[in-house]
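The structure under discussion appears below in the form of structure tokens.
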Amino acid sequence: MSRYWLFKSDPATFGLEDLERSPGRTTCWDGVRNYQARNFLRDDVRVGDGVLFYHSQSRPPAVVGTAEVVRAGYPDPTQFDRRDPGHDPGSPPGDPRWYAVDIRLRKRLARPAELPELRGTPGLEEMLLLRKGSRLSIQPVTAGEWRIVLRLGGVRGGLG
DNA sequence: GCCAACGTTGGC
DNA sequence: GCCAACGTTGGC
């Protein structure tokens, strides 16, 4: 059974449009440097899982699309790249510290599901994203939350 | 193991 | 640009 996730991205760095333009509308979700998020990527995110694509640092912040996991956790190549901002000289190649997954765009939402709107929506009271001080960039989402967010985004029926 | 200092995230 | 919340670092 598939799970659901929310991935945050600053559109100034990598936004939905960048994903739309990526070959096969697929990208490597690398650069995650937080241990809790790493654990999700390494241990829990699986092929076929659904992803809410979220624009942070945006006005207003919003879920703007859905994606699907097409490759489960594997060592993040950028940690071994000297020139990459995420280069981690302390990560042993034999036991990599950081992980990435691949995701493929499913669809852009008909309209963004904006953060202030999410805050007022019944059924989302427990959503991790809405918790004060929640900075986690990879978050689990329940099936109910997934369905509600997609409905707000104008996605009718199905998996989005 | 404690905790102050520091850096980052991200909403506003 | 501001600042609250959080994570990490490093001295002790």
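Worth knowing before you read on, the calculation uses all heavy atoms, side chains too, and leaves out hydrogens, waters and symmetry mates. Naming: A, B, ... by sequence-line order, numbering from 1 per chain.
- Note: A/Phe53 and A/Phe14 have tilted aromatic rings, judged against thresholds of 30 and 60 degrees for the angle between ring planes.
- Within residues 125-134 of chain A, the residues that place at least one heavy atom under 4.0 Å from DNA chain C are, in residue-number order, A/Lys132, A/Gly133.
- One distance of note links CG of A/Leu16 with CZ of A/Arg108; it measures 4.5 Å at 0.5 Å rounding.
- Between A/Ile138 atom CD1 and A/Asp44 atom CG the span is 11.5 Å, to the nearest 0.5 Å.
- Taking hydrophobic clusters as Ile, Leu, Val, Met, Phe, Trp and Tyr residues chained together by side-chain heavy-atom distances below 4.5 Å, A/Val155 shares a cluster with A/Met127.
- If you take CZ on A/Arg83 and NE2 on A/His87, they are separated by 11.0 Å, rounding to the nearest 0.5 Å.
- With respect to the salt-bridge test (charged N to carboxylate O, under 4.0 angstrom), the residues A/Arg33 and A/Asp76 qualify.
- Between the side chains of A/Tyr74 and A/Asp102, a donor-acceptor pair is found at a separation under 3.5 Å.
- Here A/Arg119 lies in heavy-atom contact (under 4.0 Å) with sugar-phosphate atoms only.
- A/Thr142 and A/Glu126 share no donor-acceptor pair across their side chains, judged by distance under 3.5 Å alone.
- For DNA chain C, the contact window with chain A, defined by any atom under 4.0 Å from a protein heavy atom, covers C/dA5 to C/dT8 in 5' to 3' order.
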